[in-house]
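The block underneath contains the structure these notes are about, expressed in C-alpha coordinates.
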Amino acid sequence: KLLVESEFYQECKELLSSLPRDRSFYAEYLYQYQGFWYPPNLLEGVLYSQKHFQARDSDIILVSSPKSGTTWLKSLVFALIHRQEFQTPLESHPLLDNNPHTLVTFIEGFQFHTQDTSPSIFSTHIPLGSLPESVKDSSCKVVYCCRNPKDAFVSLWHFVKRLTLKEMVGCTMEEMVSGFCRGSSVYGPFWDHALEYWKESRENPKKVMFVMYEEMREQPQNSVMRIAEFLGWPFTEKEIENGVLEDIVKLCSLENLSKLEVNEKGKLVNGMETKAFFRKGEIGGWKDTLTPSLAEEIDKTTEQKLIGSDFRF
Ligand code: A3P
(Lines give C-alpha, C1' and ligand atoms only; values in the text may rest on other atoms or scores of the structure.)
Protein backbone atom coordinates (compact mmCIF):
# COMPACT_ATOMS: atom_id res chain seq x y z
CA LYS A 1 0.00 0.00 0.00
CA LEU A 2 2.79 2.36 0.94
CA LEU A 3 4.52 1.65 -2.34
CA VAL A 4 1.33 2.45 -4.26
CA GLU A 5 0.98 5.67 -2.28
CA SER A 6 4.53 6.76 -2.85
CA GLU A 7 4.10 6.00 -6.57
CA PHE A 8 0.98 8.12 -6.52
CA TYR A 9 2.79 11.06 -4.92
CA GLN A 10 5.65 10.68 -7.38
CA GLU A 11 3.15 10.83 -10.26
CA CYS A 12 1.55 13.92 -8.72
CA LYS A 13 4.91 15.60 -8.35
CA GLU A 14 5.73 14.95 -11.98
CA LEU A 15 2.33 16.13 -13.15
CA LEU A 16 2.51 19.30 -11.04
CA SER A 17 5.87 20.24 -12.48
CA SER A 18 4.35 20.08 -15.98
CA LEU A 19 1.26 22.20 -15.24
CA PRO A 20 0.80 25.97 -15.63
CA ARG A 21 1.06 27.67 -12.25
CA ASP A 22 0.17 31.07 -10.89
CA ARG A 23 1.09 32.91 -7.71
CA SER A 24 -1.79 32.89 -5.30
CA PHE A 25 -3.21 34.26 -2.11
CA TYR A 26 -4.29 30.82 -0.97
CA ALA A 27 -1.22 28.68 -1.40
CA GLU A 28 2.18 29.63 -2.73
CA TYR A 29 1.08 28.52 -6.18
CA LEU A 30 -2.12 27.36 -7.79
CA TYR A 31 -1.85 24.81 -10.60
CA GLN A 32 -4.10 24.64 -13.62
CA TYR A 33 -5.46 21.19 -14.32
CA GLN A 34 -8.18 20.41 -16.88
CA GLY A 35 -9.02 24.11 -17.05
CA PHE A 36 -9.32 24.84 -13.31
CA TRP A 37 -6.93 26.09 -10.61
CA TYR A 38 -5.94 24.22 -7.45
CA PRO A 39 -3.50 24.39 -4.57
CA PRO A 40 -1.28 21.27 -4.62
CA ASN A 41 -2.95 19.41 -1.75
CA LEU A 42 -6.43 19.72 -3.25
CA LEU A 43 -5.19 18.82 -6.70
CA GLU A 44 -3.69 15.65 -5.25
CA GLY A 45 -7.12 14.90 -3.79
CA VAL A 46 -8.74 15.41 -7.19
CA LEU A 47 -6.24 13.12 -8.89
CA TYR A 48 -6.63 10.49 -6.22
CA SER A 49 -10.41 10.56 -6.51
CA GLN A 50 -10.20 10.31 -10.30
CA LYS A 51 -8.25 7.09 -9.82
CA HIS A 52 -10.06 5.56 -6.88
CA PHE A 53 -13.46 7.05 -6.11
CA GLN A 54 -16.27 4.59 -6.82
CA ALA A 55 -19.71 6.17 -6.72
CA ARG A 56 -22.67 3.89 -6.05
CA ASP A 57 -26.07 4.36 -7.64
CA SER A 58 -27.58 5.37 -4.32
CA ASP A 59 -24.92 8.00 -3.51
CA ILE A 60 -25.59 11.70 -3.26
CA ILE A 61 -22.85 14.11 -4.31
CA LEU A 62 -23.04 17.71 -3.11
CA VAL A 63 -21.03 20.12 -5.23
CA SER A 64 -20.22 23.79 -4.86
CA SER A 65 -17.54 26.37 -5.38
CA PRO A 66 -15.92 27.21 -2.05
CA LYS A 67 -17.97 29.64 0.07
CA SER A 68 -21.20 29.10 -1.82
CA GLY A 69 -23.20 27.37 0.91
CA THR A 70 -21.43 24.00 1.19
CA THR A 71 -21.72 23.73 4.97
CA TRP A 72 -25.41 24.54 4.90
CA LEU A 73 -26.22 22.16 2.05
CA LYS A 74 -24.34 19.37 3.85
CA SER A 75 -26.34 19.87 7.01
CA LEU A 76 -29.69 20.07 5.19
CA VAL A 77 -29.17 16.98 3.06
CA PHE A 78 -27.80 15.02 6.01
CA ALA A 79 -30.82 16.00 8.08
CA LEU A 80 -33.35 15.23 5.38
CA ILE A 81 -31.91 11.82 4.56
CA HIS A 82 -31.76 10.83 8.23
CA ARG A 83 -35.09 12.32 9.29
CA GLN A 84 -36.66 8.98 10.22
CA GLU A 85 -33.87 8.18 12.70
CA PHE A 86 -33.91 11.52 14.50
CA GLN A 87 -37.49 12.46 15.16
CA THR A 88 -36.78 15.32 17.57
CA PRO A 89 -33.95 17.02 15.69
CA LEU A 90 -33.94 20.16 17.79
CA GLU A 91 -33.24 18.11 20.95
CA SER A 92 -31.15 15.22 19.80
CA HIS A 93 -29.34 14.99 16.48
CA PRO A 94 -25.81 14.30 15.16
CA LEU A 95 -25.75 17.86 13.82
CA LEU A 96 -25.97 19.18 17.37
CA ASP A 97 -22.66 17.49 18.28
CA ASN A 98 -20.83 17.32 14.97
CA ASN A 99 -19.79 19.93 12.46
CA PRO A 100 -21.54 19.26 9.10
CA HIS A 101 -18.16 18.74 7.42
CA THR A 102 -17.41 15.76 9.62
CA LEU A 103 -20.73 14.10 8.77
CA VAL A 104 -20.30 14.27 5.02
CA THR A 105 -17.20 12.86 3.32
CA PHE A 106 -15.16 15.34 1.28
CA ILE A 107 -14.10 13.56 -1.91
CA GLU A 108 -10.79 15.43 -2.23
CA GLY A 109 -9.99 14.45 1.37
CA PHE A 110 -8.62 11.01 0.36
CA GLN A 111 -11.03 9.02 2.54
CA PHE A 112 -13.92 7.57 0.69
CA HIS A 113 -15.17 5.02 3.20
CA THR A 114 -18.86 4.85 2.50
CA GLN A 115 -21.09 5.49 5.44
CA ASP A 116 -22.89 2.44 6.82
CA THR A 117 -26.27 3.71 5.86
CA SER A 118 -27.39 3.99 2.32
CA PRO A 119 -27.29 6.42 0.62
CA SER A 120 -23.89 7.89 1.36
CA ILE A 121 -23.55 11.62 1.09
CA PHE A 122 -20.32 13.00 -0.36
CA SER A 123 -19.24 16.53 -1.05
CA THR A 124 -16.76 18.00 -3.47
CA HIS A 125 -15.70 21.19 -5.22
CA ILE A 126 -14.53 19.31 -8.32
CA PRO A 127 -15.67 20.90 -11.61
CA LEU A 128 -18.03 18.87 -13.79
CA GLY A 129 -15.45 17.87 -16.38
CA SER A 130 -13.02 16.55 -13.77
CA LEU A 131 -15.44 14.48 -11.70
CA PRO A 132 -14.39 10.84 -11.25
CA GLU A 133 -15.81 8.75 -14.10
CA SER A 134 -17.93 6.68 -11.72
CA VAL A 135 -19.96 9.76 -10.78
CA LYS A 136 -20.94 10.17 -14.40
CA ASP A 137 -21.39 6.46 -15.08
CA SER A 138 -23.52 5.61 -12.05
CA SER A 139 -27.02 6.85 -11.29
CA CYS A 140 -25.88 8.80 -8.24
CA LYS A 141 -27.46 12.23 -7.85
CA VAL A 142 -25.63 15.54 -7.88
CA VAL A 143 -26.81 18.72 -6.16
CA TYR A 144 -24.90 21.87 -7.09
CA CYS A 145 -25.12 24.95 -4.90
CA CYS A 146 -24.21 28.26 -6.48
CA ARG A 147 -23.91 31.77 -5.07
CA ASN A 148 -23.61 35.32 -6.33
CA PRO A 149 -19.93 35.76 -7.28
CA LYS A 150 -19.43 38.96 -5.25
CA ASP A 151 -20.79 37.38 -2.06
CA ALA A 152 -18.82 34.18 -2.67
CA PHE A 153 -15.66 36.22 -3.20
CA VAL A 154 -16.18 38.29 -0.07
CA SER A 155 -16.93 35.17 1.93
CA LEU A 156 -13.67 33.64 0.69
CA TRP A 157 -11.76 36.81 1.56
CA HIS A 158 -13.00 36.71 5.16
CA PHE A 159 -12.48 32.96 5.37
CA VAL A 160 -8.83 33.04 4.37
CA LYS A 161 -8.26 36.05 6.59
CA ARG A 162 -9.82 34.24 9.54
CA LEU A 163 -7.68 31.22 8.93
CA THR A 164 -4.72 33.60 8.78
CA LEU A 165 -3.03 31.58 6.08
CA LYS A 166 0.56 32.69 5.92
CA GLU A 167 0.22 33.27 2.15
CA MET A 168 -2.37 35.92 2.93
CA VAL A 169 0.17 38.13 4.55
CA GLY A 170 0.75 41.03 2.21
CA CYS A 171 -2.03 40.07 -0.22
CA THR A 172 -4.26 43.03 -0.95
CA MET A 173 -7.91 42.74 -1.80
CA GLU A 174 -7.15 44.25 -5.22
CA GLU A 175 -4.75 41.39 -5.94
CA MET A 176 -7.22 38.85 -4.76
CA VAL A 177 -10.06 40.28 -6.90
CA SER A 178 -7.76 40.32 -9.87
CA GLY A 179 -6.85 36.63 -9.33
CA PHE A 180 -10.53 35.74 -8.87
CA CYS A 181 -11.52 37.50 -12.10
CA ARG A 182 -8.62 35.92 -13.99
CA GLY A 183 -9.94 32.58 -12.83
CA SER A 184 -6.90 31.86 -10.73
CA SER A 185 -8.70 31.15 -7.49
CA VAL A 186 -9.33 27.92 -5.58
CA TYR A 187 -11.33 25.76 -8.02
CA GLY A 188 -11.70 28.78 -10.30
CA PRO A 189 -12.74 30.14 -12.71
CA PHE A 190 -15.78 30.51 -10.47
CA TRP A 191 -18.11 31.27 -13.43
CA ASP A 192 -17.03 28.35 -15.60
CA HIS A 193 -17.52 26.04 -12.61
CA ALA A 194 -21.11 27.18 -12.18
CA LEU A 195 -21.97 27.40 -15.88
CA GLU A 196 -20.90 23.84 -16.59
CA TYR A 197 -23.13 22.47 -13.84
CA TRP A 198 -25.95 24.79 -14.89
CA LYS A 199 -25.83 23.45 -18.43
CA GLU A 200 -25.71 19.86 -17.18
CA SER A 201 -28.70 20.48 -14.90
CA ARG A 202 -30.69 21.69 -17.92
CA GLU A 203 -29.65 18.78 -20.11
CA ASN A 204 -29.79 16.10 -17.46
CA PRO A 205 -32.28 17.29 -14.81
CA LYS A 206 -32.68 13.88 -13.19
CA LYS A 207 -28.95 13.67 -12.55
CA VAL A 208 -27.98 17.23 -11.61
CA MET A 209 -29.98 19.75 -9.61
CA PHE A 210 -28.83 23.36 -9.52
CA VAL A 211 -29.77 25.48 -6.49
CA MET A 212 -28.92 29.06 -5.63
CA TYR A 213 -27.78 30.00 -2.13
CA GLU A 214 -29.92 33.14 -2.40
CA GLU A 215 -33.03 31.14 -3.23
CA MET A 216 -32.37 28.84 -0.27
CA ARG A 217 -31.96 31.87 1.98
CA GLU A 218 -35.21 33.43 0.79
CA GLN A 219 -37.33 30.28 0.79
CA PRO A 220 -35.53 27.61 2.78
CA GLN A 221 -38.49 25.28 3.22
CA ASN A 222 -39.39 25.38 -0.41
CA SER A 223 -35.77 24.73 -1.44
CA VAL A 224 -35.39 21.79 0.94
CA MET A 225 -38.65 20.34 -0.33
CA ARG A 226 -37.42 20.54 -3.91
CA ILE A 227 -34.06 19.00 -3.01
CA ALA A 228 -35.82 16.17 -1.18
CA GLU A 229 -38.02 15.49 -4.20
CA PHE A 230 -35.04 15.50 -6.54
CA LEU A 231 -33.20 13.03 -4.32
CA GLY A 232 -36.20 10.73 -4.22
CA TRP A 233 -36.95 11.39 -0.55
CA PRO A 234 -40.00 13.68 -0.84
CA PHE A 235 -41.68 15.03 2.27
CA THR A 236 -45.19 13.70 2.78
CA GLU A 237 -48.06 16.05 3.59
CA LYS A 238 -48.21 14.49 7.03
CA GLU A 239 -44.54 15.22 7.66
CA ILE A 240 -45.07 18.82 6.65
CA GLU A 241 -48.14 19.07 8.90
CA ASN A 242 -46.09 17.62 11.76
CA GLY A 243 -43.40 20.26 11.30
CA VAL A 244 -40.67 17.86 10.16
CA LEU A 245 -39.55 20.13 7.32
CA GLU A 246 -39.73 23.21 9.52
CA ASP A 247 -37.60 21.54 12.21
CA ILE A 248 -34.93 20.55 9.71
CA VAL A 249 -34.72 24.11 8.44
CA LYS A 250 -34.48 25.39 12.03
CA LEU A 251 -31.87 22.81 12.99
CA CYS A 252 -29.68 23.74 10.01
CA SER A 253 -30.16 27.50 10.25
CA LEU A 254 -27.07 29.67 10.49
CA GLU A 255 -28.36 31.03 13.78
CA ASN A 256 -28.69 27.57 15.28
CA LEU A 257 -25.59 25.85 13.91
CA SER A 258 -23.23 28.76 14.49
CA LYS A 259 -23.92 28.94 18.22
CA LEU A 260 -23.38 25.24 18.92
CA GLU A 261 -20.26 24.52 20.91
CA VAL A 262 -18.97 22.04 18.32
CA ASN A 263 -19.08 24.78 15.68
CA GLU A 264 -17.93 27.65 17.89
CA LYS A 265 -14.93 25.90 19.38
CA GLY A 266 -14.29 22.83 17.23
CA LYS A 267 -11.55 21.98 14.76
CA LEU A 268 -11.65 19.78 11.67
CA VAL A 269 -9.11 17.00 11.17
CA ASN A 270 -7.04 19.33 9.00
CA GLY A 271 -6.86 21.80 11.87
CA MET A 272 -9.29 24.37 10.44
CA GLU A 273 -11.40 26.09 13.07
CA THR A 274 -15.04 25.22 12.51
CA LYS A 275 -16.19 28.72 13.39
CA ALA A 276 -14.56 30.00 10.18
CA PHE A 277 -17.40 28.37 8.23
CA PHE A 278 -20.11 30.51 9.82
CA ARG A 279 -20.27 34.25 9.32
CA LYS A 280 -23.15 36.46 8.21
CA GLY A 281 -24.76 34.51 5.41
CA GLU A 282 -26.14 37.67 3.88
CA ILE A 283 -27.41 38.26 0.39
CA GLY A 284 -25.59 41.29 -0.97
CA GLY A 285 -23.33 41.49 2.09
CA TRP A 286 -20.41 42.16 -0.28
CA LYS A 287 -21.30 45.88 -0.08
CA ASP A 288 -19.64 46.09 3.35
CA THR A 289 -16.34 44.79 2.02
CA LEU A 290 -15.90 45.57 -1.69
CA THR A 291 -15.22 49.05 -2.99
CA PRO A 292 -17.41 50.09 -5.94
CA SER A 293 -14.52 49.69 -8.36
CA LEU A 294 -13.70 46.16 -7.19
CA ALA A 295 -17.38 45.24 -7.35
CA GLU A 296 -17.43 46.59 -10.88
CA GLU A 297 -14.41 44.47 -11.82
CA ILE A 298 -16.26 41.34 -10.71
CA ASP A 299 -19.48 42.47 -12.42
CA LYS A 300 -17.65 43.01 -15.71
CA THR A 301 -16.20 39.51 -15.54
CA THR A 302 -19.64 38.12 -14.78
CA GLU A 303 -21.11 39.94 -17.76
CA GLN A 304 -18.45 38.60 -20.10
CA LYS A 305 -18.70 35.06 -18.79
CA LEU A 306 -22.47 34.96 -19.20
CA ILE A 307 -22.46 35.94 -22.85
CA GLY A 308 -24.25 33.20 -24.74
CA SER A 309 -25.77 31.62 -21.64
CA ASP A 310 -29.32 31.83 -20.34
CA PHE A 311 -28.00 31.64 -16.78
CA ARG A 312 -28.18 34.69 -14.49
CA PHE A 313 -26.85 34.92 -10.93
P1 A3P B 1 -20.63 34.47 4.55
O2 A3P B 1 -19.13 34.44 4.65
O3 A3P B 1 -21.14 35.36 3.46
O4 A3P B 1 -21.28 34.73 5.84
P5 A3P B 1 -19.24 27.38 2.64
O6 A3P B 1 -20.07 26.60 3.56
O7 A3P B 1 -19.40 26.97 1.20
O8 A3P B 1 -17.84 27.46 3.08
O9 A3P B 1 -19.85 28.85 2.64
C10 A3P B 1 -19.75 29.65 3.76
C11 A3P B 1 -20.82 30.71 3.69
O12 A3P B 1 -22.07 30.11 4.03
C13 A3P B 1 -20.58 31.80 4.72
O14 A3P B 1 -21.11 32.99 4.13
C15 A3P B 1 -21.40 31.31 5.90
O16 A3P B 1 -21.77 32.32 6.80
C17 A3P B 1 -22.61 30.72 5.20
N18 A3P B 1 -23.27 29.68 6.01
C19 A3P B 1 -22.69 28.73 6.77
N20 A3P B 1 -23.62 27.98 7.37
C21 A3P B 1 -24.82 28.46 6.97
C22 A3P B 1 -26.17 28.09 7.28
N23 A3P B 1 -26.44 27.12 8.11
N24 A3P B 1 -27.15 28.81 6.71
C25 A3P B 1 -26.88 29.82 5.85
N26 A3P B 1 -25.63 30.21 5.54
C27 A3P B 1 -24.60 29.54 6.09
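Order of listing sets the numbers, starting from 1, for every ligand and every atom in it.
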Open item on the list: So for Lys74, does at least one of its heavy atoms come nearer than 4.0 angstrom to any atom of ligand 1?
Closed with: no
Task: Identity and separation of the nearest protein heavy atom to atom 22 (C) of ligand 1 - done: Trp72 CG, 3.4 Å
- [ ] Is it possible for you to check whether Arg23 lies under 6.0 Å from the centre of the six-membered ring of Tyr29, through NZ or CZ, and within 45° of that ring's axis?
- [x] yes
- [ ] Have a look at ligand 1 and work out which part of Phe159, if any, has a heavy atom under 4.0 Å from it: side chain, backbone, both or neither.
- [x] neither
Task: Backbone or side-chain N or O of Arg279 under 3.5 Å from ligand 1 N or O - done: yes
Open item on the list: Any nitrogen or oxygen of Cys252 lying under 3.5 Å from a nitrogen or oxygen in ligand 1? Just yes or no.
Closed with: yes
Open item on the list: Taking distance alone, with N or O pairs closer than 3.5 Å, would you say Leu257 contacts ligand 1?
Closed with: no
Task: Which residue and heavy atom of the protein sit nearest atom 17 (C) of ligand 1, plus the separation - done: Tyr213 OH, 3.7 Å
Open item on the list: With heavy-atom distances below 4.0 Å as the criterion, list the atoms of ligand 1 near Phe278.
Closed with: 16 (O), 19 (C), 20 (N)
Task: Residue, atom name and distance, where the atom is the protein heavy atom closest to atom 8 (O) of ligand 1 - done: Lys67 NZ, 2.6 Å
Task: Beyond-backbone contact of Thr289 with Met173, side-chain heavy atoms, under 4.5 angstrom - done: yes
- [ ] Would you please determine whether Met216 falls within less than 4.0 Å of ligand 1 on a heavy-atom basis?
- [x] no
Open item on the list: Can you confirm whether Ile81 sits close enough to Val77 that some side-chain heavy atom of one is under 4.5 Å from a side-chain heavy atom of the other?
Closed with: yes
- [ ] Please verify whether a non-hydrogen atom of Ser64 lies at under 4.0 Å from ligand 1.
- [x] no
Open item on the list: Would Lys67 pass as a cation-pi partner of Phe153, given that its NZ or CZ must be under 6.0 Å from the six-membered ring centre and within 45 degrees of the axis?
Closed with: no
- [ ] Return yes or no for this condition: an N or O of Thr71 is under 3.5 Å from an N or O of ligand 1.
- [x] yes
Task: Part of Ser68 within contact of ligand 1 (heavy atoms, under 4.0 Å) - done: backbone
TODO: Go through the steps for Phe36 and Tyr187 under the test ring-ring contact (aromatic ring centres under 6.0 Å, His included), then give the verdict.
DONE: CA-CA 6 Å; Phe36 289 81; Tyr187 295 91; 8.8 Å; no
- [ ] Starting from atom 3 (O) of ligand 1, find the nearest protein heavy-atom neighbour and note its residue, name and distance.
- [x] Arg147 NH2, 2.9 Å
